[in-house]
Amino acid sequence: MTSLNVTRLAEPLGAEITGIDVSGPVDAALIGAITEALLDHHVIVMRDQTLTPEQQVTFSRRFGDLVVRVSGEFLHPEFPEVLILSNRQVNGQYAGATAAFAGELWHTDLTYAERPSMGSMLHALEVADEGGDTAWANLYLAYETLPEETRRRIDGLKAIHVRDRRRNPRGAITDSGGIDVDKYYSVKVTDSVHPMVRTHPVTGRKSLFATPRFAVAIEGMDDRDAQPLLDELFAHQINPVFIYQHKWRVGDLVFWDNRCTAHLAVGGIVAPGIRHLHRTSIAGDRPF
Ligand SMILES: O=C(O)CCC(=O)C(=O)O
């Protein structure tokens, strides 16, 4: 078994891996060790990587098929599996998705899909001196620390997950960065219904599975009851004791497990800081 140099970064989740290079051929033993670190720490930061978009796609594919986002905006022209996140402006247009389209609300990736992402990777090509952190929350802990009565209340309930922020009471876009929001959401995507308590398909642990970005309602429950319950769960899941906040370094390749975490683009990039990242997302199973 390949052993990795893994150092925990925070109590609730997050670990750093040094001394590996995933740009070229990666053997099955190393993939196995990275998978084990992901299951143990939920967010892993592989330091000092230099990956072309093609190399990131090749490495990400070792963990499953990749998901291409349904709207064409912000996709890499040669490798559409790569979503570009950037605050750089070229001819008055952003060179990639800004936080309004990638992360300014707490979320778990692609839960509006029937089979949400199992995990995603972000590779930092440029980072700002100040601001632009990403925060992750451990949703196993969020579930386990709910009052017993709330746990009992949500066990068996299902939330309705919606891509279109215009249909989300918590989702108003305040700064679209010049993107036509109506056009962006004109791609029709069927809503998905997922259990609010999810069992991780590998570890068997239960986690809270609803975030403010995508979960807008509870199946079969009147909004007068559902919205306060969602508010309570959303407030609970971002207790600082569940969170690791990552300050990016150039070369970081962060891989997180979407089956037990939520994350947020914290924002606050101080001009003239430029933050430019490439993201890939790996297909997952139907939550149960
Ligand atoms: O930009 C960030 O910090 C987070 C991006 C994000 O939420 C995502 O890629 O899903």
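Remember, it's 1-based here, ligands and their atoms both numbered in the order they're listed. Here, residue 1 is the first one in the sequence, and each next residue gets the next number.
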Which residue and atom name correspond to the protein heavy atom nearest [atom], and how close is it?
| atom | result |
| --- | --- |
| atom 3 (O) of ligand 1 | T134 OG1, 2.5 Å |
| atom 7 (O) of ligand 1 | H107 CE1, 2.8 Å |
| atom 8 (C) of ligand 1 | R279 NE, 3.1 Å |

Residue [X] vicinity, atoms of ligand 1 by number, heavy atom under 4.0 Å:
| X | result |
| --- | --- |
| A265 | 1 (O), 2 (C), 3 (O), 4 (C) |
| D109 | 10 (O) |
| H263 | 6 (C), 7 (O), 8 (C), 10 (O) |
| G103 | 7 (O) |

Can we say D48 and R249 salt-bridge, meaning some charged N sits less than 4.0 Å from an Asp/Glu carboxylate O? no
Side-chain ion pair, R61 and E81, N-O less than 4.0 Å: yes
Under 3.5 Å: N/O of R275 near N/O of ligand 1: yes
Side chain to side chain donor-acceptor pair (under 3.5 Å), that's the test. Do R163 and S71 meet it? Break it down for me. CA-CA 11 Å; R163 172 174 175 266; S71 51; 3.2 Å; yes
Which value, rounded to the nearest 0.5 Å, describes the distance between E232 atom CD and L146 atom CG? 7.5 Å
Taking the non-hydrogen atoms of S120, is any one of them nearer than 4.0 angstrom to ligand 1? no
L277 and ligand 1 - part of the residue with a heavy-atom distance under 4.0 Å: neither
Going by atom types alone, do [X] and [Y] pair a side-chain donor with an acceptor below 3.5 Å?
| X | Y | answer |
| --- | --- | --- |
| R279 | S60 | no |
| N138 | T261 | no |
| R170 | Q227 | yes |

